[in-house]
Amino acid sequence: MIDLHTHTTFSDGTDSPLALVKKASSSGVSVLAITDHDSTASWEEAKAALHGDLKLALGAEVSCLTEDGISVHMLGLLFDGGNQALQQLLSDSRDTRIPRMKKMIENLQGAGYQITLEDVEASTPEGATVGRPHLADALVAKKIVKSRDEAFTELLHNDSPFYVSHFAPTPEDSIRAIRSAGGVAVIAHPFASRRGQSLTPDSFSSLVSAGLNGIEVFHRDQSEDERQQLIEIAETLNLVITGSSDYHGTGKLNQLGENTTTQAEWERLESMADQRRVVSR
Ligand code: AMP
Ligand code: ZN
Ligand code: FE
Ligand code: FE
């Protein structure tokens, strides 16, 4: 079972890298990608926790914004974690998440919700990329909503009046940065329309020119129809097709291995990195 998109407590997942690696091993995952939002901080702990036959494809999920302001997530896998330009891009993105969080809190306060930055800090694990799920957890702790999911549906979704975006590179810039660092770029859930405005089929050619390697097709936020359209695009543009869980621990319903990538597509993707960076024991 090959699962190429998961999160830990170094972003908005609820399992530590150690717990995630253990869970992947015991659930029959053969290749696990760890892709925290805008961060590689989980890599070290994950590598140290590696045991048995499990292989790790270390990466990050890079937050991007198109010129039209559409939020896009780019999975970067198998890149050199020591690449300065890519680390700078990730750290710029993390930095702008803090003033952005303050603005979202002000928006909520303006509407009478009793929530503070301290509440959100208390819900954010040490070293984590701060995001809306941590704000959601703080709203749950304050009994303003019952769950992360309710927080998103009621208050934090992309079209909500409380929502604020943060600085992010364009998808093309993030692809170029990932490829220059030797890795491969797979666009995450590009047609997940239920999350808000999503990409259109005509956006893919410019992503391919920038060096895109693959499309995440099998993902719970994409309908059967959306998956079929993506398969056609991938076949036309000769892109790798992936599937993954986007596991977040108890932070989301997504279960490890609920969607997977075939061995053949994984091997094709892996061969596109500039060197073999899969970690095994
Ligand atoms: P941010 O990066 O701060 O904009 O927050 C986006 C994150 O929120 C993504 O990683 C999603 O996984 C997460 N998210 C989106 N919708 C939901 C939901 N309904 N329940 C839990 N997490 C969600
Ligand atoms: Zn997330
Ligand atoms: Fe995502
Ligand atoms: Fe994700």
Side-chain angles (χ1 to χ4, degrees), residues 3-15 20 33-39 41-42 59-65 69-77 90 92-105 107-108 117 120 123-125 128-140 145-160 162-169 171 174 185-199 215-222 242-256 258-259:
D3 191 338
L4 297 184
H5 179 174
T6 66
H7 296 270
T8 76
T9 42
F10 283 96
S11 63
D12 52 2
T14 62
D15 285 359
L20 175 58
I34 300 183
T35 51
D36 278 310
H37 297 286
D38 303 322
S39 173
S42 57
E61 184 174 15
V62 185
S63 313
C64 312
L65 277 178
I70 298 171
S71 160
V72 169
H73 287 173
M74 192 63 61
L75 296 167
L77 303 175
L90 298 177
D92 288 347
S93 194
R94 288 197 302 275
D95 286 350
T96 67
R97 283 170 168 274
I98 297 159
R100 173 260 197 153
M101 182 55 70
K102 288 183 184 156
K103 281 189 204 142
M104 289 193 69
I105 291 167
N107 290 349
L108 287 161
L117 184 61
V120 177
S123 296
T124 309
T129 304
V130 66
R132 280 179 281 165
H134 304 113
L135 174 54
D137 290 348
L139 291 163
V140 173
V145 292
K146 289 201 187 64
S147 64
R148 267 193 188 184
D149 202 48
E150 188 183 324
F152 271 88
T153 336
E154 301 293 324
L155 301 169
L156 305 181
H157 57 88
N158 291 8
D159 303 318
S160 134
F162 308 114
Y163 176 73
V164 178
S165 64
H166 58 90
F167 159 81
S174 82
V186 176
I187 186 164
H189 46 70
F191 280 1
S193 55
R194 61 187 73 153
R195 289 169 174 236
Q197 209 185 351
S198 62
L199 281 184
I215 304 182
E216 185 180 57
V217 170
F218 304 103
H219 182 287
R220 76 152 57 207
D221 291 351
Q222 284 168 165
T242 72
S244 46
S245 64
D246 202 358
Y247 175 73
H248 279 71
T250 57
K252 275 185 156 187
L253 296 173
N254 312 29
Q255 290 304 307
L256 205 58
E258 67 173 27
N259 283 297

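We count ligands from 1, going down the list as the structure has it; atoms in each ligand are counted the same way. Side chains are part of it too, since the values below use all heavy atoms of this structure and drop only hydrogens, waters and symmetry mates. Bear in mind that the values here come from a model prediction, so they are computed numbers and not experimental data.
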**Message:** I'd like to check whether Arg100 has a polar contact with ligand 1, where a contact means an N/O of the residue lying under 3.5 Å from an N/O of the ligand.
**Reply:** yes
**Item:** Proximity to ligand 1 by part of Met104, non-hydrogen separation under 4.0 Å
**Value:** neither
**Message:** Would the distance check show the side chain of Thr35 and the main-chain N or O of Leu75 forming a donor-acceptor pair, the cut-off being under 3.5 Å?
**Reply:** no
**Environment of the Fe ion (ligand 3) in terms of protein N/O/S atoms, cut-off under 2.8 Å** = Glu61 OE2, His73 ND1, His189 NE2
**Asked** Which ligand 1 atoms, with their elements, are less than 4.0 angstrom from a heavy-atom of Asp12?
**Response** 7 (C), 9 (C), 10 (O)
**Message:** Out of His248, Arg132, Glu61, who is nearest to atom 4 (O) of ligand 1 when you count heavy atoms only?
**Reply:** Arg132
**Prompt:** Donor-acceptor pair, Asn259 side chain versus Gly243 backbone, under 3.5 Å?
**Reply:** no
**Message:** Just to confirm my output: which protein heavy-atom neighbour is closest to atom 22 (N) of ligand 1, and how far is it?
**Reply:** Lys252 CE, 3.3 Å
**Request:** Starting from the C-alpha separation in whole Å, work towards a yes-or-no answer on side chain to side chain contact (heavy atoms under 4.5 Å, CB included) for Leu4 and Val186.
**Result:** CA-CA 10 Å; Leu4 297 184; Val186 176; over 6 Å; no
**Request:** Carefully, step by step, assess Leu156 and Leu139 under the rule side chain to side chain contact (heavy atoms under 4.5 Å, CB included).
**Result:** CA-CA 11 Å; Leu156 305 181; Leu139 291 163; 4.2 Å; yes
**Request:** Specify side chain, backbone, both or neither for Asp246, according to which of its non-hydrogen atoms lie closer than 4.0 Å to ligand 1.
**Result:** neither
**Prompt:** Under the side chain to side chain contact (heavy atoms under 4.5 Å, CB included) criterion, do Tyr247 and Leu20 qualify, and how do the steps go?
**Reply:** CA-CA 9 Å; Tyr247 175 73; Leu20 175 58; 3.6 Å; yes
**Prompt:** Is the shortest side-chain N to carboxylate O distance from Asp38 to Arg97 below 4.0 Å?
**Reply:** yes
**Asked** At the Zn ion (ligand 2), what's the angle from Asp12 OD2 to His248 NE2, rounded to 10 degrees?
**Response** 110°
**Asked** Got a donor-acceptor contact below 3.5 angstrom from the Ser93 side chain to the Leu90 backbone?
**Response** no
**Prompt:** Which ligand 1 atoms, with their elements, are less than 4.0 angstrom from a heavy-atom of Gly251?
**Reply:** 21 (C)
**Fill in**
The side chain to side chain donor-acceptor pair (under 3.5 Å) partner of Arg148 among Asp137, Thr14, Asp12 is Asp137
**Request:** Could you please spell out the steps behind the side-chain hydrogen bond (donor to acceptor under 3.5 Å, both in side chains) verdict for Ser245 and Asn254?
**Result:** CA-CA 6 Å; Ser245 64; Asn254 312 29; over 6 Å; no
**Prompt:** Is the side chain of Arg94 donor-acceptor paired with the backbone N or O of Thr129 at a distance under 3.5 Å, no angle test?
**Reply:** no
**Prompt:** Any idea which protein heavy atom is nearest atom 15 (C) of ligand 1, and the distance to it?
**Reply:** Phe152 CE2, 3.4 Å
**Asked** Relative to each other, are the rings of His7 and His37 parallel, tilted or perpendicular (30° and 60° limits)?
**Response** parallel
**Message:** Quick one, Asp246 with His5, criterion side-chain hydrogen bond (donor to acceptor under 3.5 Å, both in side chains). Give me CA distance, side-chain angles, the key distance, then yes/no.
**Reply:** CA-CA 5 Å; Asp246 202 358; His5 179 174; 2.7 Å; yes
**Request:** Check each atom of ligand 1 against the heavy atoms of Pro133 and keep those under 4.0 Å away; list them by number with element.
**Result:** 5 (O), 7 (C), 8 (O), 13 (C)
**Asked** Can you check whether His37 has an N/O within less than 3.5 Å of an N/O in ligand 1?
**Response** yes
**Asked** What protein heavy atom is closest to atom 19 (N) of ligand 1, reported as residue, atom name and distance in Å?
**Response** Asp149 OD1, 2.8 Å
**Prompt:** Of the backbone and side-chain N, O or S atoms of His7, does one lie nearer to the Zn ion (ligand 2) than 2.8 Å?
**Reply:** no
**Message:** Checking Phe218 against Glu258 for the side chain to side chain contact (heavy atoms under 4.5 Å, CB included) test, could you report, in this order, the C-alpha distance in whole Å, the side-chain angles of both residues, the deciding distance, and whether it holds?
**Reply:** CA-CA 9 Å; Phe218 304 103; Glu258 67 173 27; over 6 Å; no
**Message:** For ligand 1, which is the ligand I care about here, please tell me if Tyr163 has any N or O atom under 3.5 Å from one of the ligand's N or O atoms.
**Reply:** no
**Request:** Could you tell me the residue and atom name of the protein heavy atom closest to atom 2 (O) of ligand 1, and the distance to it rounded to 0.1 Å?
**Result:** Arg97 NH2, 3.0 Å
**Message:** I want to check something: taking the side chain as every heavy atom from C-beta on, are Gln222 and Glu216 in contact at a cut-off of under 4.5 Å?
**Reply:** no
**Sub-4.0 Å atoms of ligand 1 with respect to non-hydrogen atoms of Gly131** = 3 (O)
